[in-house]
Amino acid sequence: MTKGIRAIRGFRDIPPEEAWKLSYIEDRTQEHFQRYGYREIRLPMVEFTELFARGIGEATDIVEKEMYTFLDRNGQSLSLRPEGTASAVRAYIEGGWKSQHGITKVYYSGPMFRYERPQKGRYRQFYQLGLEAIGGAGPLVDAEVIDLLHRLFLVVEVQDVRILVNSLGCGKCRPDFRVRLLEYLTGVARELCSNCRRRMESNPLRVLDCKVPGCRSALEKVPVMLDYLCAECEDHFSAVREALDGLEVPYNVDPRIVRGLDYYNRTAFEAVCDRLGSQNAVAAGGRYDGLAKEIGGDAPGIGFAMGLERLGLIMNWDDVVPENPDYYVAAATSSARIPALELGDRLRALGFSVEVDLEDRSLKAQLRSANRMGIDSVLILGDDELSGGTVTLKDFVEKIQREVPLEEFMKEVMAAGTGPERR
RNA sequence: GUGAGCGUAGCUCAACAGGUUAGAGCGCUGGACUGUGGCUCCAGAGGCUGAGGGUUCGAUCCCCUUCGUUCACCCCA
């Protein structure tokens with residue numbers, strides 16, 4: 001079990017038992033996004049390192065220590081994408097989509113890569129589904145995006161998810177706030193944990209969401225961004241909230257919401273759940289009006305991404321069952337092996353999914369397989385059936401069995417048929 | 001990058017304080033039932049106990065190293 005080549009740490013195989021769930025989430029989510037006018041965009045999984053360095057921010061953890069970066073054969077520094085927003089905005093600029101009318105609304109789905117220690121709900125290759133609304137600066141865009149996210153959780157039946165929103169201010173008001181925050185933190189530095197004292201230097205905003213009790217009490221009167229918003233940001237944020245209230249989207253304003261990426265401004269939001277191990281974010285996003293400028297364009301935007309594995313972890317799967325095959329064709333004798341395969345093909349041509357034994361196993365073993373696979377209808381072919389042009393139908397549920405002319409059976413199937421729509 | 005736990009059959013796990021031939025359940029294959037599933041019974045296949053070194057008369061067990069894995073910290077989706 002330890003022999004041979006295995007998957008890279010943090011890069012796991014998603015077996016069929018699990019993969020169908022991710023597909024299910026993707027399907028439901030994409031339908032949902034499309035109802036809001038979002039269209040799929042396929043983005044490269046590798047970009048120039050510079051895109052992420054400038055877009056996400058040189059000083060962020062992602063860029064500093066979590067990217068898969070390498071030189072290609074031309075000596076250019078490339079990186080596996082750690083997230084999708086930077087690419088989407090790059091595509092917007094590169095494609096000149098600004099000239100199109102209205103807001104560009106796109107969604108993407110696929111693997112992201114981050115060099116982190118794997119743990120529950122966290123892998124080095126993980127799957128994200130995200131969307132971006134680029135080119136719109138107004139608060140209604142923010143509200144619709146958050147509304148869409150809220151309603152997505154209704155569609156995929158996830159309970160226990162809370163939506164938290166905050167405003168991070170803008171380039172005008174955030175620097176002031178930062179100064180006030182640092183003043184305060186310096187004052188209470190003795191009461192903070194060692195982590196937070198370190199964070200004061202690296203990323204003071206992060207101190208706000210420390211969970212250590214001592215820090216929490218020391219931070220009771222900490223200034224929050226919301227109290228320092230400039231007039232424009234204040235107006236924007238209250239307009240967003242007004243719209244959310246009008247749409248009856250349940251949310252909480254949480255001043256401790258901070259984003260780990262530099263490009264965010266104004267509206268930031270997270271969907272969190274407690275049943276996710278130490279991770280609690282299922283989806284997160286926000287506005288990034290300054291991002292495009294960093295990479296050679298100019299456009300406001302907002303978007304979010306959600307972790308498919310994490311969503312899969314908290315979804316209620318009780319009412320969602322994978323479909324079993326419709327028929328099992330069993331060969332009772334060796335001369336019926338190929339005719340069994342043929343019959344399988346005929347049924348498949350009608351849209352059914354059919355299993356046929358390929359291992360020359362006994363009839364008993366074949367029936368056992370059918371039963372294990374949850375297949376209710378078995379068709380048996382043997383020498384008797386072949387010589388008589390019949391097929392034996394066995395129904396595990398009704399517990400009945402009868403032998404009928406093969407062509408008659410096929411006609412029945414076609415008539416009642418309506419080849420079930422498969423997914 | 002840091003810390004802790006765990007690596008025994010395909011899977012989930014046993015093996016009193018180091019002791020003889022490493023067991024069980026599930027799964028798989030066959031049989032009881034000459035061409036008939038589920039339930040039951042019987043049989044069989046399947047192990048360099050993650051790898052390497054050490055202590056010992058003797059190591060799955062103790063020690064060291066290494067690899068893998070899980071969870072947590074950090075951080076994030």
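A note on names: the letters A, B, ... follow the listed sequences, proteins ahead of strands, and every chain is numbered from 1.
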Query raised in the report: Considering only the P atoms, how many Å lie between G27(B) and G54(B), rounded to the nearest integer?
Result: 43 Å
Query raised in the report: Given Arg287(A) and Ser167(A), is the side chain to side chain donor-acceptor pair (under 3.5 Å) satisfied, shown in steps?
Result: CA-CA 9 Å; Arg287(A) 180 162 280 287; Ser167(A) 176; over 6 Å; no
Report task. Compute whether any side-chain donor of one residue and acceptor of the other, for Tyr251(A) and Asp245(A), lie under 3.5 angstrom apart. Result -> yes
Query raised in the report: Rounding to the closest angstrom, what is the interatomic distance between C39(B) and U49(B) at atom P?
Result: 34 Å
Requested in this report: Take the protein atom CZ of Arg368(A) and the nucleotide atom P of G35(B), then report the distance between them rounded to whole Å.
Outcome: 14 Å
Query raised in the report: Looking at Ser362(A), does any N or O in its side chain come under 4.0 Å of the phosphate oxygens OP1/OP2 on G35(B)?
Result: no
Query raised in the report: Side chains of Glu132(A) and Thr85(A): do they bring a donor and an acceptor to under 3.5 Å?
Result: yes
Query - Between A43(B) and A24(B) - P atom distance, rounded Å - result: 11 Å
Report task. Can you tell me the pairing partner of C75(B) across any strand shown, Watson-Crick or G-U wobble, with both distances under 3.5 angstrom? Result -> none
Requested in this report: Using a 4.0 Å heavy-atom cut-off across all strands, classify Glu66(A) as base, sugar-phosphate, or nothing.
Outcome: sugar-phosphate
Query raised in the report: Checking only heavy atoms, does the side chain of Asn371(A) share a donor-acceptor pair with the base of G37(B) at less than 3.5 Å?
Result: yes
**Report entry** Side-chain donor/acceptor contact of Arg117(A) with base of U2(B) under 3.5 Å
**Finding:** yes
Query raised in the report: Base, sugar-phosphate, or nothing: which does Gly121(A) touch, judged by heavy atoms less than 4.0 Å apart?
Result: base
Query raised in the report: For atom P, what is the distance between C48(B) and U60(B), given to the nearest Å?
Result: 13 Å
**Report entry** Check ion pair Arg28(A)-Glu31(A) (N to O, under 4.0 angstrom)
**Finding:** yes
Query raised in the report: Has the side chain of Gln401(A) got a donor or acceptor atom sitting under 3.5 Å from an opposite partner on the base of G35(B)?
Result: no
**Report entry** Lys394(A) vs U36(B): side-chain N/O to OP1/OP2 distance below 4.0 Å
**Finding:** no
Query raised in the report: Quick one: is U70(B) close enough that its OP1 or OP2 comes under 4.0 Å of any side-chain N or O from Gln119(A)?
Result: no
Report task. Classify the nucleic acid contact of Tyr115(A) as base, sugar-phosphate or nothing, counting any heavy atom under 4.0 Å across all strands shown. Result -> nothing
Query raised in the report: Hey, does Ile380(A) reach any base, or is it just sugar-phosphate, or nothing, if we go heavy atoms under 4.0 Å?
Result: base
Requested in this report: In whole angstrom, give me the gap between the C1' atoms of C13(B) and G7(B).
Outcome: 13 Å
Query raised in the report: Is Arg372(A) near enough to C28(B) that one of its side-chain N or O atoms lies under 4.0 angstrom from OP1 or OP2?
Result: yes
Requested in this report: May I ask you to check if Arg81(A) and Phe113(A) form a cation-pi contact, with NZ or CZ under 6.0 angstrom from the six-membered ring centre and within 45° of the axis?
Outcome: no
Query raised in the report: With a 4.0 Å cut-off on heavy atoms, is Ala305(A) in touch with a base, just the backbone sugar-phosphate, or nothing at all?
Result: sugar-phosphate
Query raised in the report: When we call it a touch if two heavy atoms are under 4.0 Å apart, what does Glu385(A) touch: a base, just sugar-phosphate, or nothing?
Result: base
